[in-house]
Amino acid sequence: MNPYEKKRRWKFFLLVFAIVIGTASVFYSDFFVKKMEREEQLQFQLYVRVTEQSLIMYDNDIYTPLIELIRTKTKLPVIMTDSKGEIIGTQGLDSTKTNYNIEKKEGVTYDPAYFRRELRKMKKQHPPTPITGLGADGSRWLIYYKDSPTLTQLRYFPYIQLAVIALFLLTAYVAFSSARKAEQDQVWVGMAKETAHQLGTPISSLMAWVELIKSRFDAEDDPLIAEMENDIKRLEVITDRFSKIGSKPVVEDHVVYTVIYNFVEYFKLRTSDKTRFSITGDDQVRAMLNVPLFDWVIENLLKNAVNAIDNEGKITINIIENLTKEEVFIDVTDTGTGIARSKFDAVFQPGYTTRKRGWGLGLSLTKRIIENYHSGQIFVKDSELGKGTTFRIVLKSSITYEPTTNT
Ligand SMILES: Nc1ncnc2c1ncn2[C@@H]1O[C@H](COP(=O)(O)OP(=O)(O)OP(=O)(O)O)[C@@H](O)[C@H]1O
Ligand SMILES: [Mg+2]
């Protein structure tokens, strides 16, 4: 299993695990909420009965302590209204929190608006219980109640818990992925620097050896020597690319078409005749480029296109200027095997390859060069299995820069 498949499985497993924990926690809290709701209902009924009895019997010696007892135990907020719906008594409510619109009544701080609001809340939560057997006029007093603060908190608890867990997971994910990215950066840059450094010495020796062979065997015009020199030049280009990846490269103003044309001319000679190349579109638009690194990008894209083409095929590079956004699009299209839509992002991950002898590094390097060194973008614009693929590079056009040279 490749590392990305493994990572995906882990992500899936963790997601399922999180959903299971979340659901279990919601269900468990819901079970408690229901249980408490039933208990509070019973307590309320008890409170109503005791109040009723106290009003009928006028025996405050017994009932006042009883009511006190129930109230201290349950802490249920309760409001009693008369037959006209006016509030005549409250319990378990606190008016000190809302001390606007305060009237002084017999030395007690009283806030009618607060109690009316509380009554509205109670009406929404539970039906009232009437107190029966009062007076001959048949007046009906009603007692309302709402959930205790503990029950209300318990109702919100699972959601707060889920939000905290989600926030924690998100923070952990962001921290880990940025740490991983920083680590990857360090490996890329370190490897590139080391490679450039290690190649440097043998290449200088090779150059010296070739000069020596030329003079010793009088082989100035020997075609074999010319080939050797070409290969050494190629090694120098490779070293130069690696050293640029390992440092902050300089970007300069260039005509995009010319840079691509020069590279394609070179690349064509090293590819089978069955693949045709063409460069179309705007041949004037300019962009800020580092040529050795940009060549590497085009080389990776062309190599992949050639690999995707089975036998005969065509590779087109189309250069488009997007004036409104001051951008340049470079579309590299092939008539190869195509990429499944679900793999449009995966192809850029290091290590992703479908080739027997591929490393899966080409596109991830390409993406780094475009994003980190050219502040651009690269993505699969279009692809159809069996028909072909278009990769799009987006670069800032040089219009936004003041060109220093007129090349
Ligand atoms: N033009 C294309 N058409 C179809 N598939 C492509 C194309 N370009 C890339 N791919 C797919 O993306 C994969 C990753 O490409 P990438 O260049 O990163 O690695 P690679 O070519 O497999 O190996 P290497 O490290 O040698 O470049 C390829 O193996 C291939 O499956
Ligand atoms: Mg490749």
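Atoms within each ligand, like the ligands themselves, are counted from 1 in listed order. We're numbering straight along the sequence, starting at 1.
Checked by distance only, ligand 1 and F391 stay at 3.5 Å or farther apart across all their nitrogen or oxygen atoms. Considering backbone and side-chain N/O of A308, none are found under 3.5 Å from N/O of ligand 1. Checked against a 3.5 angstrom limit, the closest N/O atoms of N300 and ligand 1 fall outside it. At a 3.5 angstrom cut-off on N or O pairs, T337 does not count as close to ligand 1. Backbone and side-chain nitrogen or oxygen atoms of G358 are examined, and none is located within less than 3.5 angstrom of a nitrogen or oxygen of ligand 1.
If you check which protein heavy atom lies closest to atom 1 (N) of ligand 1, you get D334 OD2, 2.8 Å. If you check which protein heavy atom lies closest to atom 26 (O) of ligand 1, you get R355 NH2, 3.0 Å. Remark: minimum distance from atom 30 (C) of ligand 1 to any protein heavy atom is reached at T354 OG1, 3.4 Å. For atom 16 (P) of ligand 1, the nearest protein heavy atom (residue, atom name, distance) is L363 N, 3.6 Å. Of the protein's non-hydrogen atoms, the one nearest atom 17 (O) of ligand 1 is N304 ND2, 2.8 Å.
One finds a salt bridge joining R368 and D185 here, because a Lys/Arg side-chain nitrogen approaches an Asp/Glu carboxylate oxygen to under 4.0 Å. Salt bridge status for R241 with E299: present, with a side-chain N to carboxylate O gap under 4.0 Å. In summary, R392 and D382 do not engage in a salt bridge, as defined by a charged side-chain N under 4.0 Å from a carboxylate O. Under the 4.0 Å criterion applied to side-chain N and carboxylate O atoms, E52 and R49 are assigned as salt-bridge partners. Residues K123 and E118 are not paired through a salt bridge, judged by the lack of any N-O separation under 4.0 Å between the basic side chain and the carboxylate.
Residue T90 comes nearest to I87 through the heavy atom pair CG2-CG2, 3.8 Å, listed as atom of the first residue, atom of the second, then distance.
In R216, the CZ atom is not crowded: 12 or fewer heavy atoms of neighbouring residues, nucleotides or ligands sit closer than 6.0 Å.
Residue F348 places no heavy atom under 4.0 Å from ligand 1. Put simply, no part of G336 is less than 4.0 Å from ligand 1, judged by heavy atoms.
Of the heavy atoms in T353, both backbone and side-chain atoms come closer than 4.0 Å to ligand 1.
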